[in-house]
Amino acid sequence: MVAGSALALIATVLTCMVAADRPAPVYREEHQVAGADGVPLDASYFTSSWSGKRPAVLLAHGFGGTKDSERDRAERLARAGYAVLTYSARGFGGSGGEIGLNAADKEVADVSRLLDWLAERPEVRLDGAGDPVVGVAGGSYGGALSLIAAGQDRRIDAVVPAITYWDLHEALFPGGVFKKLWAGILFGQGLTDPRDPQCGRFTAEVCSAFQRSAVLGRADARTEALLRGLSPAAYAQRISVPTLVIQGQTDGLFPLDQGDAIARAVARNGAPVAVDWIDGGHDGGDGESTRVADRTVAWFDTHLKRGGRGDGAGPAFRISRSSGTDAEDGTPVLREITSARYPGLGGTVQQAVPLDGGEKILVNPAGGTPPTITAVPGLGALTRLTAALGSGPGAGPALDSPVHSTAFTGPPLDGALQVTGAPAVDLTVRADREAVLFVKLYDVSPDGRQIQPRQLAAPVTAADGKTVRVSLPAVDHRFEPGHRLRIVVSSTDLGYASPVEPATYRLRAGALILPVVSALTADVTSTLPWWIWPLPAAALAVAAALLPSARPSRRRAAPDPSLADVPLRISGLTKKYCQSPGNVEDFLMLLGPPDAPAPWPR
């Protein structure tokens, strides 16, 4: 009887756990909303069975995506009690118009029309007439749109931009060097209109700017002015809403410095800011979609439902840090590292590491070929492969040409060193013409094997005789005792345009300045599945139920003298097919037939 009660209790606990994980129904409506200038925007509207007025969320997709790219996030937000609108930006999916790269009178004005539409929905909570309580979230192209729209339309109450840019010119022309491979990939995603194979669905202004840059290998004054005007940076003093910045560590398109610029600008305006460095990005890695979606809900809950009250928005600074690889599939195991304050890319303290001295000679080949290879844009599979081959999660092997690269190396480390932020080094250049250089950080083990954390390069241009401070790509990387830090400088890189004229450069390097964040806390529980947490309570409850039957009796029967020589006696043994308790049957019904998928990950 007691055992049956314990079994029923276990079944009840598990039934509740499974039922709690069952998604609530979401209702979807299809609409066509008139954008700026009457451009039709293909939209989907999501709600759940929540009663009463609720805040709204507008989701903006990434470049090349459509409204359907955001469906999973929309349904999650709808179940959390939001009215959610997704749409295809002009020039994409079923929407009309041309791609203007978030132009104020086009894509940004479209957002205002969509907010007007949300304000008319009866279930949406309002701050005032025509003013919905609303947040905007988006990734990449959509993330920049959320920031620009917040600077343009004061009705927006909170934003969550992810893996996006602050200054589009600086992102595509870092250090004045054209990021040609990534720019070509993006431009190619807009060439979907057979009526104009040269410009596709881009506006004439955007198309012309790309074509000029591809021919020149740099940005002329018109292109620079256009890209800066299409950037959130152009609205820097007007973006003052709570902002959760999610930026990818494996991202050669929009690196961590772009997210840092967003955070610093919004903080200067006095608005709450949190920064989250996820493992993935445009170049692959783990995008942590479920965790990011959960934190997005928490951010909006805090700032849209509770008016900024409570601590549910999470830490001010969070990093996904690798703690090895899964023994079964080789994928990185991530843990959460947090801080109550965002330290920026300079860290809280700096440590200097001397590099071997002397002048090094570097050759730029005619035509800029063959190029060195830092990373191949967008090929996240390559990053995962190099991790599986022993380079470590988020790191890759050296693929530098020995002729077109040179190195400056530090001494072996006495102890472990955790670098969090953007290292910096001073380079003095002597050259017969302006030099274009690509600077990278390597981790060199005692056996000479070297890896490059996150496989990112810092392009820089330098005139003859000048000393330039090079800010390397920000990383979160642990250098083990006995390892050495190495700076590799290349004259070419596959992802960038470089001078076609042959040249010889002479380089000297100063000390390597490394950022360290001293107040980081590791959360060892962050990687545990949700269903682990109820198990201790369930175990205690089961133990309490079983305890009475397990406790020995205080009064024992006197032994039977006639059985003194019998080693074992069995009596009253029967075979019975008992019915399962009701709760167990309910639990088995939830599991479904034997070949049905389990209700949680096995």
| request: List the steps and the verdict of ring pair (Phe, Tyr, Trp, His ring centres under 6.0 Å) for Phe92 and Phe63. | output: CA-CA 9 Å; Phe92 294 104; Phe63 201 84; 5.1 Å; yes

Are any of the side-chain heavy atoms of Leu230 and Asn102 separated by less than 4.5 Å?
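No. Closest side-chain heavy atoms not under 4.5 Å.
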
Decide whether Arg212 and Thr223 meet the rule of one side-chain donor and one side-chain acceptor closer than 3.5 Å.
yes

Checking Ser490 against Lys440: is there a side-chain donor and acceptor pair closer than 3.5 Å? yes

Residue pair Leu226 / Ala209: nearest heavy atoms and the distance that separates them: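 Minimum heavy-atom contact is CD2-CB, 3.8 Å.
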
Practice problem: Fit a plane to each ring of Trp299 and His303, take the angle between them on a 0 to 90° scale, and name the class: parallel (under 30°), tilted (30 to 60°) or perpendicular (over 60°). | Solution: tilted

>> Using side-chain heavy atoms (C-beta onward) and a distance below 4.5 Å, is Leu485 in contact with Thr409?
In response: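 Heavy-atom side-chain distance check fails, nothing below 4.5 Å.
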
Practice task
Mind checking salt bridge (Lys or Arg N to Asp or Glu O under 4.0 Å) for Glu170 and listing every partner two or more places apart, or none if nothing turns up?
Solution key: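 For Glu170, no residue satisfies salt bridge (Lys or Arg N to Asp or Glu O under 4.0 Å) once neighbours in sequence are set aside.
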
So Val516 and Leu417, do their side chains get closer than 4.5 Å, heavy atoms only?
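Yes, side chains in contact.
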
Side chain to side chain contact (heavy atoms under 4.5 Å, CB included), paired with Leu253, selected from Leu172, Asp283, Ile185: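 Only one option passes, and that is Leu172.
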
Looking only at heavy atoms, which two atoms of Leu427 and Ala509 are closest? And how far apart?
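Here Leu427 and Ala509 meet closest at CD2-CB, 3.8 Å.
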
* To do: Kindly indicate whether the side chain of Leu437, heavy atoms from C-beta on, has any atom under 4.5 Å from the side chain of Pro459.
  => no

Mind checking whether His61 and Thr86 have side chains closer than 4.5 Å, heavy atoms only?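 No, side chains not in contact.
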
Open item on the list: For Phe254 and Tyr165, take the angle between the two ring planes, folded into 0 to 90°, and tell me which bin it lands in: parallel under 30, tilted 30 to 60, perpendicular over 60.
Closed with: tilted

Would you indicate whether the side-chain heavy atoms of Leu115 and Ile156 approach each other to under 4.5 Å?
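In short, these two side chains touch, coming nearer than 4.5 Å.
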
Looking at Phe408, is Lys360 sitting on its ring face, NZ or CZ under 6.0 Å from the six-membered ring centre and within 45 degrees of the normal?
yes

Would you please say whether a donor-acceptor pair under 3.5 Å links the side chains of Asp400 and Tyr442?
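Present: a donor and an acceptor within the cut-off.
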
Presence of salt bridge, Arg321 and Asp476, under 4.0 angstrom: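 Here Asp476 pairs with Arg321 in a salt bridge, since their nearest N and O are under 4.0 Å apart.
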
Practice item. For side-chain contact (heavy atoms from CB on, under 4.5 Å), just list the numbers for Val363 and Tyr505, CA-CA rounded to whole Å, side-chain angles, deciding distance to a tenth of an Å, and then say yes or no. Key: CA-CA 6 Å; Val363 173; Tyr505 311 135; over 6 Å; no

Closest contact, heavy atoms only, Pro515 versus Gly347: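 In this case the closest contact between Pro515 and Gly347 is CB-N, 3.8 Å.
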
Exercise for review: Classify the side-chain pair Ser88/Thr66 by whether it contains a donor and acceptor separated by less than 3.5 Å.
Suggested key: no

- Message: If you define the side chain from C-beta out and look only at heavy atoms, does anything of Ile487 sit under 4.5 Å from Leu512?
- Response: yes

- Item | Cationic N near anionic O, under 4.0 Å, Asp257 to Arg264 |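 No, this pair does not count.
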
Legend entry - Asp279/Arg454 ion pair, N-O < 4.0 Å: yes

- Item | Thr164-Ser140 side chain donor-acceptor pair, cut-off 3.5 Å |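 No, because no side-chain N or O of Thr164 sits under 3.5 Å from a partner of the opposite role on Ser140.
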
- Query: Any side-chain heavy-atom pair from Arg90 and Glu107 closer than 4.5 angstrom?
  - Reply: yes

Assess, by modelled atom type and distance only, whether the side chains of Arg238 and Gln152 contain a donor and an acceptor separated by less than 3.5 Å. yes

Looking at Glu359 and Arg430, does any basic side-chain N land under 4.0 Å from a carboxylate oxygen?
yes

- Could you point out which residue of Val439, Ile361, Leu362 forms a side chain to side chain contact (heavy atoms under 4.5 Å, CB included) with Leu507?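 Testing each of Val439, Ile361, Leu362 against Leu507, the sole residue satisfying side chain to side chain contact (heavy atoms under 4.5 Å, CB included) is Leu362.
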
When every non-hydrogen atom of Pro255 is compared with those of Lys179, the smallest separation belongs to CD-NZ, 4.4 Å

Using a strict cut-off of less than 4.0 Å between a Lys/Arg side-chain nitrogen and an Asp/Glu carboxylate oxygen, indicate whether Arg222 and Asp220 qualify as a salt bridge.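 No, Arg222 and Asp220 are not salt-bridged.
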
Quiz item: After noting the C-alpha distance and the side-chain angles of Leu181 and Leu494, does the key distance pass the side-chain contact (heavy atoms from CB on, under 4.5 Å) rule?
Solution: CA-CA 8 Å; Leu181 224 55; Leu494 177 68; 4.1 Å; yes

Could you pull out the closest heavy-atom pair between Ala340 and Ala316, with the gap in Å?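 Minimum heavy-atom contact is O-CB, 3.3 Å.
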
Do Phe210 and Phe202 have ring centroids that are under 6.0 Å from one another? no

Closest heavy-atom pair and its distance - Thr338, Pro315: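 Result for this residue pair: CG2-CG, 3.6 Å.
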
- Applying the salt bridge (Lys or Arg N to Asp or Glu O under 4.0 Å) test to Glu288, which of Arg335, Arg295, Arg318 qualifies?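 The single option meeting the salt bridge (Lys or Arg N to Asp or Glu O under 4.0 Å) with Glu288 is Arg318.
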
- Would you please indicate yes or no on a ring centroid separation below 6.0 angstrom for Tyr496 and Phe438? yes

In terms of side-chain heavy atoms, does Asp426 have a donor or acceptor partner in Thr467 at a distance below 3.5 Å?
->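 No donor-acceptor contact under 3.5 Å links the two side chains.
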
